[in-house]
2 protein chains.
Amino acid sequence: MSRMNSISPIKVPPLMTRSHEIAGVLRDEILRGQFRPSERLPSERDLAARFGASRGAVREALSQIEQLRLIDIQPGGARIKEVNDASIAVLGPLLGMGSKPDADLVDQFLDTFSALARFTATRAIPKLSESQRADLLAQLDSMTHDMNSVESLQPKMRAFLMTLGGIADNLVVRLISNDLQAQFVERMLQLHPRPSLKPELLRELVSDMRLGVESGDGEAVASALDVHFLSMRALVAQALASD
Amino acid sequence: MSRMNSISPIKVPPLMTRSHEIAGVLRDEILRGQFRPSERLPSERDLAARFGASRGAVREALSQIEQLRLIDIQPGGARIKEVNDASIAVLGPLLGMGSKPDADLVDQFLDTFSALARFTATRAIPKLSESQRADLLAQLDSMTHDMNSVESLQPKMRAFLMTLGGIADNLVVRLISNDLQAQFVERMLQLHPRPSLKPELLRELVSDMRLGVESGDGEAVASALDVHFLSMRALVAQALASD
DNA sequence: TAGACCACTTTGGTCATACCAATCTGGACC
DNA sequence: GGTCCAGATTGGTATGACCAAAGTGGTCTA
């Protein structure tokens with residue numbers, strides 16, 4: 001808790017190397033369905049020729065795609081696998097493929113994220129220490145101030161959920177959340193105009209969660225989150241529907 | 001639904017190449033905490049010398065570890081990152097490190113998996129078509145037969161949950177489940193002696209789920225699953241506690 | 001003609017070596 | 001003591017080569 005990322009003045013872009021670049025292109029082609037499952041991928045040598053790169057770069061790219069469980073590399077050839085059996089790490093690329101993220105997928109994400117938030121809350125709240133409870137209440141209080149600007153509230157909401165995650169102390173959920181975060185969140189924040197949640201709803205959310213935290217009622221906090229994510233989903237769906 | 005893995009007579013071992021081998025060793029060393037976060041990893045050349053391998057093989061290994069978000073490769077050196085910020089793909093290795101999987105981690109996994117199962121049930125059951133309902137009921141009925149041997153029941157249980165997942169039709173959860181499956185399930189099935197759930201509990205589980213499926217009550221199915229996973233967790237904890 | 005068998009080709013896995021650009025390091029210099 | 005610069009180090013990439021396993025196609029046999 002004490003030592004956070006204190007130094008991060010410059011946002012380092014993911015450092016696009018040739019192999020990452022190639023991996024991205026191939027990954028997208030596979031996700032786009034340009035290869036049928038069990039079909040053979042072009043040979044490393046052919047791919048190297050196509051991309052004007054060395055076999056080493058191509059091999060590194062394929063090695064990355066293999067970790068996504070999109071292909072199965074074997075002596076004799078790499079074969080495409082079902083997208084449905086892939087790793088969660090394909091979600092990000094899947095979202096960013098069209099000009100606009102797929103509305104269904106976004107809704108599924110929010111639904112799932114909501115369930116994880118609920119899970120976290122029900123596990124964290126019952127075992128709050130007094131200092132943790134005070135911490136959470138302070139965070140909620142600080143939210144009530146800038147309630148009108150979603151821009152300033154949203155990071156506080158995330159911080160609140162992160163704190164809950166730390167208290168719940170479940171590494172599995174934590175890692176899942178990491179991946180979802182890595183795959184979705186940033187992508188979503190940029191894409192569509194911020195859905196403007198009505199201030200009264202936000203006020204109610206914070207107030208409900210506050211009651212739940214105070215009384216140690218995890219289910220109350222979870223329910224408040226449920227409601228919040230439901231209206232969130234409605235707004236996002238609406239934002240994505242408008243061409 | 002129609003085309004499942006019909007052909008899989010020989011179980012192909014994951015094909016241990018040199019680069020995967022190296023990646024495994026380095027990954028485990030990092031997970032074991034042998035490097036502090038932000039510390040520099042030995043250079044590729046040094047690692048190549050250490051493993052008696054070529055730089056190419058080492059680079060492929062590092063490329064894989066990078067995808068686990070365990071290291072951050074940059075010109076100048078690769079730096080270790082926090083395990084807590086890693087990808088979900090580190091769970092498997094994390095489990096398989098000691099002679100016996102960490103009891104807390106296993107419990108967290110089961111808790112999380114339980115939550116996902118509940119989520120899936122609540123999303124799938126309400127929108128069952130009649131044929132899907134019949135399918136699920138048939139699966140449940142087939143469970144009632146070999147209720148005593150956990151070995152034969154367990155795969156049917158998994159198939160049931162998979163069917164539910166297909167109906168829920170949430171790609172995000174599906175992919176998460178894929179990863180959990182890949183990371184945990186196989187590892188757990190081998191490790192500890194099968195916890196022997198009492199037949200009467202299983203009978204109750206199946207019966208409760210049957211009622212829920214028939215009446216389209218997702219919450220009922222979810223609750224039955226909750227109970228089941230709770231006793232499961234108790235048994236596993238007990239099995240792992242016994243030296 | 002259908003099927004088994006075998007040589008040839010292709011493919012992935014690995015190694016060695018080399019060069020470049022970015023980074024890092026250490027010492028000279030102010 | 002701080003600044004600055006040159007050399008060493010490091011990752012990124014390319015080329016070329018060899019091996020073993022898998023795929024390929026043709027021949028030969030029953």
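Letters go in sequence order (proteins before strands), and every chain restarts at 1. Because the structure is predicted, anything quoted here is derived from the model rather than measured.
- Separation of atoms CD1 (Ile65(B)) and CG (Leu41(B)) is listed at 7.0 Å; rounding is to 0.5 Å.
- The CZ atom of Arg45(B) sits 11 Å away from the P atom of dG12(D) (whole-angstrom rounding).
- Taking every heavy atom of residues 46-63 of chain A and every atom of DNA chain C, pairs under 4.0 Å involve Arg55(A), Arg59(A), by number.
- In terms of position on DNA chain D, the residue among Arg40(B) and Gly76(A) whose nearest nucleotide sits closer to the 5' end is Arg40(B).
- Taking every heavy atom of both residues into account, Ile88(B) and Leu175(A) meet most closely at CA-CB, 3.9 Å.
- With salt bridges taken as basic N to acidic carboxylate O contacts below 4.0 Å, one links Arg59(B) and Glu60(A).
- The salt bridge (Lys or Arg N to Asp or Glu O under 4.0 Å) search around Asp111(A) returns Arg233(A), Arg123(B), not counting sequence neighbours.
- For Arg50(A), the salt bridge (Lys or Arg N to Asp or Glu O under 4.0 Å) test picks out Glu29(A), with sequence neighbours left out.
- In this structure, OG in Ser177(B) is found 9.0 Å from CG in Asn170(B), a value given to the nearest 0.5 Å.
- Between the CG atom of Asp72(A) and the P atom of dA21(D) there is a distance of 18 Å, rounded to whole Å.
- In this structure Phe109(A) satisfies the ring pair (Phe, Tyr, Trp, His ring centres under 6.0 Å) test together with Phe113(A), Phe184(A), sequence neighbours excluded.
- Residues in residues 169-178 of chain B take part in these salt bridge (charged side-chain N to carboxylate O under 4.0 Å, His left out) pairs, two or more places apart or across chains: Asp85(A)-Arg174(B).
- Protein chain B contacts DNA chain C over a range whose 5' and 3' limits, counting nucleotides with an atom under 4.0 angstrom from a non-hydrogen atom, are dG13(C) to dT23(C).
- Glu44(B) has its CD atom 5 Å from the C1' atom of dG11(D), to the nearest Å.
- At whole-Å resolution of the value, CG in Leu41(B) and P in dT10(D) are 12 Å apart.
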